[in-house]
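Here the structure is laid out as structure tokens; the discussion comes afterwards.
All of these numbers come straight from a predicted model, not from anything done at the bench.
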There are 2 protein chains.
Amino acid sequence: MSKLRSAPTLDDVARKAGVSTATVSRCLNDPERVVTATRERVMSAVTTLGYTPNFAARVMAAKRSFTIGAIIPTMENAIFARGLQAFQEEIHRQGYTLLVSSSAYRPEDEEEQIRTLVARGADGLLLIGHDRAPRIFDFLEQRKMPTVVAWSFIPEKDTPSIGFNNRQAMKALAAKVIKLGHTRLAAISGIRQGNDRARLRIEGIKDAMEMNNLPPDSLPIIETSYEIENGAEAFANLMSQTERPTAVLCGNDVLAVGAVRQAQDMGIRVPDDVSVTGFDDIELARIINPPLTTVHVPHREMGRKAAQALIEMIETGSAGQSLELPTEIVSRQSLDRAN
Amino acid sequence: MSKLRSAPTLDDVARKAGVSTATVSRCLNDPERVVTATRERVMSAVTTLGYTPNFAARVMAAKRSFTIGAIIPTMENAIFARGLQAFQEEIHRQGYTLLVSSSAYRPEDEEEQIRTLVARGADGLLLIGHDRAPRIFDFLEQRKMPTVVAWSFIPEKDTPSIGFNNRQAMKALAAKVIKLGHTRLAAISGIRQGNDRARLRIEGIKDAMEMNNLPPDSLPIIETSYEIENGAEAFANLMSQTERPTAVLCGNDVLAVGAVRQAQDMGIRVPDDVSVTGFDDIELARIINPPLTTVHVPHREMGRKAAQALIEMIETGSAGQSLELPTEIVSRQSLDRAN
DNA sequence: ACCCTATTTGTAAGCGCTTACATTCTAATT
DNA sequence: AATTAGAATGTAAGCGCTTACAAATAGGGT
């Protein structure tokens with residue numbers, strides 16, 4: 001029958017080891033500063049008591065939490081999951097812990113979560129994309145909170161970004177599509193409001209059209225949220241137009257997978273009747289038939305680099321530096337020349 | 001030029017509003033208890049100062065964090081991502097925040113993370129599966145930490161589990177395979193060490209074999225970790241045996257997808273030459289060709305129910321109750337009768 | 001008017017830790 | 001043996017909040 005006893009404290013350890021709390025604290029945080037004999041006595045008290053330091057108290061006293069917060073749109077998206085996993089591995093290697101929340105793509109929720117993470121004493125923050133209310137950045141700056149933005153690279157912004165040039169990458173892909181003879185393009189995009197990745201990818205398509213003397217305003221765009229089914233629906237929609245496109249450029253692989261499946265259901269052959277492209281290069285992209293031509297993004301590397309940049313900002317107090325990562329077009333079978 | 005000023009405290013708000021800190025605290029935590037006029041004065045001070053409560057201080061004083069910790073093997077796995085997303089939505093609805101760490105399937109890391117989460121003052125914990133060192137459960141019990149296990153349902157355990165009967169579910173699937181005339185079965189399993197899901201699924205196959213007078217010990221089992229490539233390799237391995245199996249039962253969809261792809265690469269037809277089954281019913285399962293016959297698991301519901309159970313334990317101090325969720329076999333084209 | 005109860009607000013004691021500063025101890029130098 | 005620099009340890013003041021308890025104020029019944 002175990003006694004109802006609350007967790008042992010530093011004080012308990014100190015008493016048991018016959019030293020002061022300061023010494024115990026030093027044993028735990030800066031072992032060099034205490035002589036071996038004492039340290040051993042303290043450590044054995046720690047283990048016999050099963051002592052674990054109380055984090056809240058430590059944070060309060062030290063004004064340092066060794067915690068980094070990350071807010072992602074959703075965990076149900078392989079691209080964030082992968083990048084975040086790498087991010088977490090890197091910060092863990094450096095002695096930090098990760099706090100994640102997901103905002104479900106809702107800006108108000110994201111704002112609340114940012115405040116929560118700050119209140120929890122996060123030493124730094126990882127955010128996805130630059131598109132959010134300026135007051136949030138003001139708040140972060142006023143609090144001197146080291147912050148890094150990932151998945152998007154816009155060097156002009158104050159907040160350093162570790163990511164890739166969504167616009168450029170999509171432009172390159174669209175240029176390739178056009179070079180294959182396609183003139184009737186269409187786009188299926190994620191919701192662009194508050195999402196610079198989605199927004200800039202569409203801009204990229206338009207850039208490529210403009211460069212090749214296709215009127216950018218003629219591009220049919222269907223915006224929808226991140227689900228296979230929505231991609232399918234959008235595709236059906238696009239195909240019901242009188243003038244069918246010959247190439248459908250999707251803002252991400254998930255929507256593209258939906259498009260390809262819908263094509264199959266409608267008896268439309270990909271790429272013979274219509275080409276489809278994706279973006280992200282997640283697993284689904286190479287599993288589906290035909291496999292998707294898409295843009296490969298180095299998610300793991302991005303996560304790692306973002307972690308390094310953020311930790312440097314935290315530890316040196318520097319302003320941080322943006323870093324652009326390369327993307328590359330992966331050619332598979334869902335894109336072919338126009339006929 | 002903004003002054004370098006640290007975050008405003010309760011005290012600053014109190015002074016600005018001309019009340020005591022106790023009143024401010026009450027305004028924030030229990031607004032009913034303070035009269036409207038005062039409350040408004042306080043609230044306006046809060047907004048003009050841009051006050052955000054300091055979490056560590058609050059946790060320390062209140063001995064309550066409104067935080068729930070979850071430790072999952074990896075975020076790079078759709079099944080955990082999905083269940084966790086639902087879990088987080090539910091606890092958020094009830095005013096709690098989620099702290100996630102991933103252990104990368106490493107027991108030592110998991111143990112450390114459990115201690116970290118406890119030290120951080122988590123009000124409750126979500127763990128995946130029952131297989132871990134008893135001292136961890138002892139620690140949790142000694143600390144009176146409300147804990148729920150998900151993804152596995154084993155009612156005999158002390159820690160309540162919200163999940164499904166992995167053994168039973170796999171047994172049903174294997175029985176179905178056998179009924180289709182297959183006698184030469186083989187299994188590709190996840191690492192069973194420390195993973196009751198993987199372990200019990202294999203047991204389920206053996207149960208079904210035993211019931212149908214097939215010698216359970218004859219089942220070839222290849223254990224490998226959770227990656228498409230590993231599934232492919234395992235499949236190749238299995239097919240190089242002199243006596244090829246006619247049905248390969250995989251411990252999860254990811255391994256099954258690897259198996260199917262490898263079959264294609266080897267010119268082996270699925271299901272004509274060999275049947276393949278999965279487990280989990282993730283998106284990949286219906287996207288691949290042929291789509292996988294697999295076991296559908298209600299991940300979202302499990303996440304939600306686990307959240308409800310855990311919160312009830314936290315708030316009522318009750319011991320908590322296990323809950324079994326139903327799974328169902330989803331028949332698609334990767335499984336057919338033996339020829 | 002007066003007393004009593006109920007409501008609202010204030011006072012102050014921690015929560016468990018870190019760390020600046022003070023004190024004690026060790027041992028090398030004179 | 002006396003002196004003293006330097007290492008090891010101790011003392012105690014917070015960190016920003018909650019909450020038990022005390023005090024003040026308001027309202028209702030006589």
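- When distances are taken from the side chain of A/T38 to each of C/dT19, C/dT9, D/dA8, the shortest belongs to D/dA8.
- Comparing atom distances between the A/S25 side chain and each of C/dT18, D/dG10, D/dG16 picks out C/dT18 as nearest.
- In this structure, of C/dC17, C/dA20, C/dT9, it is C/dC17 that holds the atom nearest to the side chain of A/Y51.
- Under a 3.5 Å cut-off, the side chain of B/Q113 and the backbone N or O of B/S102 do form a donor-acceptor pair.
- The nearest whole Å value for the distance from the CZ atom in B/R58 to the P atom in C/dC17 is 21 Å.
- Picking from D/dT18, D/dT9, D/dG16 the nucleotide with the shortest atom distance to the side chain of B/M60 gives D/dG16.
- Atom CZ of B/F66 is separated from atom P of D/dC17 by 17 Å (rounded to the nearest Å).
- Inspection of the B/Q94 and B/E90 side chains reveals an N or O donor paired with an N or O acceptor under 3.5 Å.
- B/D30 has its CG atom 11 Å from the P atom of D/dT18, to the nearest Å.
- The side-chain tip of A/R64 points at the ring of A/F66 from less than 6.0 angstrom away and within 45° of straight on.
- Between C/dG16 and B/K63, a contact under 4.0 Å exists linking OP1 or OP2 to a side-chain N or O.
- Closest contact between the side chain of B/T23 and the listed nucleotides C/dG10, C/dC15, D/dC17 involves C/dG10.
- Of the two residues contacting DNA chain C, namely B/V19 and B/A62, the nearest-nucleotide position lying further toward the 5' end is that of B/V19.
- The separation between B/F55 atom CZ and C/dG16 atom P is 17 Å, rounded to whole Å.
- A straight line from CZ of B/R15 to C1' of C/dT9 spans 18 Å, rounded to a whole angstrom.
- Listed nucleotides C/dC17, C/dG10, D/dG16 differ in distance to A/L10; the shortest reach to its side chain belongs to C/dC17.
- Not one side-chain nitrogen or oxygen of B/N54 sits closer than 4.0 Å to the OP1 or OP2 atom of D/dC15.
- For the residue pair A/D123/A/Y96, the side-chain donor-acceptor check at 3.5 Å is not satisfied.
- As rounded to whole Å, 12 Å separates atom C1' of D/dC15 from atom CG of B/D11.
- In this structure, of D/dT9, D/dT11, C/dC17, it is D/dT9 that holds the atom nearest to the side chain of A/R26.
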Derivation of the salt bridge (Lys or Arg N to Asp or Glu O under 4.0 Å) call for B/E111 and B/R115: CA-CA 6 Å; B/E111 179 165 3; B/R115 289 180 188 278; 3.5 Å; yes

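- Distances were taken from every side-chain heavy atom of B/A61 (C-beta onward) to each of D/dC17, C/dT18, C/dG10; the shortest belongs to D/dC17.
- For A/A57, taking side-chain heavy atoms from C-beta onward, the closest of the listed nucleotides C/dC17, C/dA12, C/dT19 is C/dC17.
- Mapping B/R33 and B/P53 onto DNA chain D via the closest heavy atom, the residue that lands nearer the 5' end is B/P53.
- C/dT18 atom P lies 13 Å from atom CZ of A/R64, rounded to whole Å.
- Atom-to-atom, CG of A/L49 to C1' of C/dG16 comes out at 15 Å; the value is rounded to the nearest Å.
- Salt bridge absent: B/E301 and B/R304 never bring a charged side-chain N and a carboxylate O closer than 4.0 Å.
- In the set C/dG10, C/dT9, D/dG14, C/dG10 carries the atom at the smallest distance from any side-chain atom of B/S20.
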